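Predicted model, so just to flag it, every value in this text is computed and none were measured. Here is the naming used below: chain letters follow the sequence lines, and residue numbers restart at 1 for every chain.
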2 protein chains.
Amino acid sequence: MKHGSKSADLAGVFAALSDATRLRLLNLMNGREVCVCYFVEILGQGQPKISRHLAYLRKAGLVTARREGKWMHYRIVPQADEATASILDAVLASFGSDRQMQADRARLDRACCARRTLVVPVGAPRPAALAQ
Amino acid sequence: MKHGSKSADLAGVFAALSDATRLRLLNLMNGREVCVCYFVEILGQGQPKISRHLAYLRKAGLVTARREGKWMHYRIVPQADEATASILDAVLASFGSDRQMQADRARLDRACCARRTLVVPVGAPRPAALAQ
DNA sequence: TCATCACATGCGTTTAAGCAGATATATGGG
DNA sequence: CCCATATATCTGCTTAAACGCATGTGATGA
């Protein structure tokens, strides 16, 4: 088990959370898997920018990706570390009272492929053994 | 009424939390007011560096300072925003399971003036929720 | 094989943050 | 006043991250 000073790890998680675009991406992934094309459409920002922020989140261990044909689907990784998990839960929960975040989710719901959602409740499991 | 998009505010809070030194400072201030000289002594880092990080935390609205003679005492500001408060609570709670953080607090307890601790003294802005 | 779609990544630039060391400000005491 | 103490801020440097734009890469389909 590699440990690497918890406070350093935690600081890294917060760095990943310290950007409004990345928070919006996490909000859209809350409880579901989302295709990159929808991030681009809903946030209305350039695709390279979105990809770069997704790469940042992935490098921080907050999300993972799955390829399906030409498309990449991103989802939130359940955190093995209890502290990180509780913090991430608090963050995701806080989005419920944010108008912008609500609006983003509403737009994702209206987007056609939102039906192909893979629901993974964020509260319960804590495996750490799901990879790309 | 200053609003400033919640997600932007939240990102700012996370930026303030994205440094290991600042997390250690917050841990030491959890539930008590602490004098700058003890931060310097316990973290074993230069005074200008400590002051700069404290200024960052203050600018982010996470802590406030009170002058007492030659000394400055810093304490955590109870967050008025519910989302920020719950996140900060989760962060502070997570320190309980971190060895480094525990050691820092133990050293503060042993430092002589730790008995002069004023738990939440004068003029708290918005007592919405109290950490620990 | 080649064109195309969906993403990822490289490049150059700008901005912000981290650090150490030096200096400025405020307070209390002689 | 002047000095020492405690803390804050400035300087100069280095690194990281954000952005737009251009290009590379993997998968699909003709």
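- One atom, CD1 of Ile50(A), and another, P of dC7(C), lie 11 Å apart when rounded to the nearest Å.
- Applying the ring-ring contact (aromatic ring centres under 6.0 Å, His included) criterion to Phe39(A), with sequence neighbours excluded, gives no partner residue.
- Residue-level contact check: Gly46(B) touches neither bases nor backbone, having no heavy atom under 4.0 Å from any strand.
- Across the protein-nucleic acid pair, Phe39(A) atom CZ and dA6(C) atom P stand 16 Å apart, rounded to whole Å.
- Between Arg32(A) and Asp109(A) a salt bridge is recorded (basic side-chain N to carboxylate O distance below 4.0 Å).
- For Ser51(B) and Gln47(B), the side-chain atoms include at least one donor-acceptor pair closer than 3.5 Å.
- First and last contacts of DNA chain D with chain B, using any nucleotide atom under 4.0 Å from a protein heavy atom and ordered 5' to 3', fall at dT5(D) to dT9(D).
- Toward the 5' end of DNA chain D, the nearer of the two residues Pro48(A) and Gln45(A), judged by each one's closest nucleotide, is Gln45(A).
- Here Gln45(A) pairs with Lys49(A) under the side chain to side chain donor-acceptor pair (under 3.5 Å) rule; sequence neighbours left out.
- One can find a donor-acceptor pair under 3.5 Å joining the base of dG10(C) and the side-chain atoms of Arg52(A).
- Atoms CG (Leu57(B)) and C1' (dG18(C)) sit 14 Å apart, rounded to a whole Å.
- Partner of His53(A) under the side-chain hydrogen bond (donor to acceptor under 3.5 Å, both in side chains) criterion, out of Arg24(A), Arg58(A), Arg22(A): Arg22(A) alone.
- Note: CZ (Phe14(A)) to C1' (dA17(C)) measures 18 Å, nearest angstrom.
- In this structure, Asp19(B) places its CG atom 5 Å from P of dG18(C), rounding to the nearest Å.
- Per the geometry, CH2 belonging to Trp71(A) stands 13 Å off C1' belonging to dT4(C), to the nearest Å.
- The structure places CG of Leu62(A) at 8.0 Å from CD1 of Ile76(A), a figure rounded to the nearest 0.5 Å.
- Among the atoms of the strands shown, base atoms are found under 4.0 Å from some heavy atom of Lys70(A).
- Backbone-only contact: Tyr74(B) has heavy atoms under 4.0 Å from sugar-phosphate atoms and none from a base.
- A donor and an acceptor atom never sit less than 3.5 Å apart when one is taken from the side chain of Gln47(A) and the other from the base of dA6(C).
- In this structure, Asn27(B) contributes its side chain and Phe95(B) its backbone to no donor-acceptor pair below 3.5 Å.
- As a whole-Å value, the separation of Met72(B) CE from dT27(C) C1' is 12 Å.
- The distance between atom CD of Glu41(A) and atom P of dA6(C), rounded to the nearest whole Å, is 12 Å.
- The side chain of His53(B) places no N or O atom within less than 4.0 Å of a non-bridging phosphate oxygen (OP1 or OP2) of dA17(C).
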